[in-house]
Amino acid sequence: TIGTHGLQRAVAAAQNSRLGNGGSAHRAGHRAGQDGAWVDHGHHALMTVDAFRAVGGYDETFIHNEDAELDARLCRAGYRIWLTGAATLVYYPRRTPWALFRQYRGYGYGRARNLLKHPRWPKLRQMLPMLIAPAFLLALLWPLSNLFALPLLAWADICLFYGIGLGIRARSMTVAALSGIAAMIMHAAWSLGFWQALLRGRA
């Protein structure tokens with residue numbers, strides 16, 4: 001993920017970090033080395049068309065997360081997904097806070113729909129952002145006790161300090177000032193979209 005200037009650069013720094021991608025293999029870079037590795041989800045830049053057709057292709061009712069939904073069906077049908085270390089994809093993230101929020105709200109919405117369609121225990125990197133929306137609701141009770149605001153404040157502090165660390169590593173004041181905020185937008189929007197889809201799906 002590459003940002004050219006301003007907020008986009010801070011968003012790229014966040015998305016390239018564990019804070020922003022949760023260690024997802026296809027977003028975290030080629031840590032498996034040049035040889036690559038088998039994964040449960042990857043980019044769809046190259047695929048075997050026969051396998052794609054055998055499982056029915058994309059579910060066109062999905063507007064987000066359709067790639068992960070297809071991967072779930074591919075794996076269930078016995079196919080495997082190879083993350084190659086021999087090629088890289090360059091991605092340019094959103095440039096404005098609102099565009100970033102809408103994108104990640106869609107991601108969260110799609111992930112919840114995926115879990116409703118293919119029930120399985122979410123991964124830790126998905127479970128942690130789920131807690132952000134409930135933390136916002138819990139913080140509304142702070143007039144009763146300051147303790148109700150602690151989870152939300154702890155999350156905000158982690159994001160901001162992590163962002164400062166990213167900025168120091170990148171030698172960029174912009175990244176230091178904004179990457180933590182970018183991560184907070186991503187987490188909050190993802191969590192909101194997730195719970196909206198989950199509650200709507202259960203209803």
Side-chain angles (χ1 to χ4, degrees), residues 1-2 11-12 14-94 99-133 183 185-203:
T1 304
I2 296 175
V11 172
Q15 289 181 345
N16 285 330
S17 73
R18 191 169 288 272
L19 181 68
N21 62 46
S24 174
H26 73 287
R27 294 299 299 268
H30 304 299
R31 291 179 181 165
Q34 277 299 112
D35 292 337
W38 293 109
V39 294
D40 59 2
H41 175 51
H43 288 298
H44 290 186
L46 182 68
M47 67 176 71
T48 303
V49 176
D50 288 344
F52 176 80
R53 289 176 174 158
V55 298
Y58 290 117
D59 182 340
E60 295 183 12
T61 67
F62 275 64
I63 58 171
H64 291 88
N65 212 232
E66 73 285 348
D67 51 353
E69 192 280 326
L70 174 63
D71 287 347
R73 283 184 284 120
L74 284 167
C75 291
R76 193 171 59 190
Y79 295 101
R80 301 180 74 190
I81 300 160
W82 180 256
L83 178 65
T84 178
T88 57
L89 298 176
V90 175
Y91 172 75
Y92 295 94
R94 302 299 192 267
L100 184 66
F101 183 90
R102 281 186 302 169
Q103 179 187 27
Y104 272 80
R105 179 180 167 274
Y107 284 169
Y109 197 96
R111 175 53 62 182
R113 282 203 61 204
N114 205 337
L115 289 174
L116 288 168
K117 184 174 179 179
H118 306 287
R120 58 179 177 177
W121 196 253
K123 295 183 178 177
L124 182 62
R125 69 170 184 265
Q126 297 159 355
M127 292 178 68
L128 291 176
M130 288 179 200
L131 302 176
I132 305 306
I185 293 171
M186 291 154 55
H187 294 168
W190 193 99
S191 188
L192 175 64
F194 181 89
W195 286 106
Q196 284 179 324
L198 191 69
L199 295 174
R200 184 174 297 175
R202 290 300 181 192

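Counting begins at 1 with the first residue of the sequence.
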I need the minimum non-hydrogen distance between A183 and L19, along with the two atoms involved.
CB-CD2, 3.5 Å

Evaluate ring-ring contact (aromatic ring centres under 6.0 Å, His included) for Y107 paired with F194, printing each intermediate quantity in order.
CA-CA 8 Å; Y107 284 169; F194 181 89; over 10 Å; no

Is there any side chain to side chain donor-acceptor pair (under 3.5 Å) pair reaching into residues 46-55, and which pairs are they, with sequence neighbours excluded?
none

Verdict with reasoning, T61 to R113, per side-chain contact (heavy atoms from CB on, under 4.5 Å):
CA-CA 10 Å; T61 67; R113 282 203 61 204; 3.1 Å; yes

Verify the neighbour count for atom OH of Y92: are there more than 12 heavy atoms of other residues, nucleotides or ligands below 6.0 Å?
no

M130 to S191 - nearest heavy-atom pair and separation:
O-OG, 3.1 Å

Taking the side chain as every heavy atom from C-beta outward, state whether P93 and L100 have any atom pair closer than 4.5 Å.
no

Intermediate values then yes/no, side-chain contact (heavy atoms from CB on, under 4.5 Å), H44 and F52:
CA-CA 11 Å; H44 290 186; F52 176 80; over 6 Å; no

To the nearest 0.5 Å, how far apart are OH in Y109 and CG in N114?
13.5 Å

Quiz question: by atom type and distance under 3.5 Å, do the side chains of R94 and Y104 form a donor-acceptor pair?
no

Please enumerate all residues that pass side-chain contact (heavy atoms from CB on, under 4.5 Å) together with K123, with sequence neighbours excluded.
D40, R125, Q126

If you take all heavy atoms of F101 and A189, which pair is closest and at what distance?
O-CB, 3.2 Å

Locate the shortest heavy-atom distance separating H64 from G106; write the atom from each residue and the value.
CB-O, 3.1 Å

Of all heavy-atom pairs between G57 and L70, which one has the smallest distance, and what is that distance?
O-CD1, 3.5 Å

Charged N-O contact under 4.0 Å between D59 and R73:
no

Using side-chain contact (heavy atoms from CB on, under 4.5 Å), reason through Y58 and E69 one step at a time and then give a plain yes or no.
CA-CA 8 Å; Y58 290 117; E69 192 280 326; over 6 Å; no

On a heavy-atom basis, the closest approach of A188 and I132 is CA-CG2, 4.0 Å

Can you measure from NE2 (H41) to CG (N65) and round to the nearest 0.5 angstrom?
6.5 Å

Quick one: side-chain contact (heavy atoms from CB on, under 4.5 Å) partners of I81, sequence neighbours excluded?
V39, D71, C75

Rounded to the nearest 0.5 Å, how far apart are CG of L74 and CZ of R76?
10.5 Å

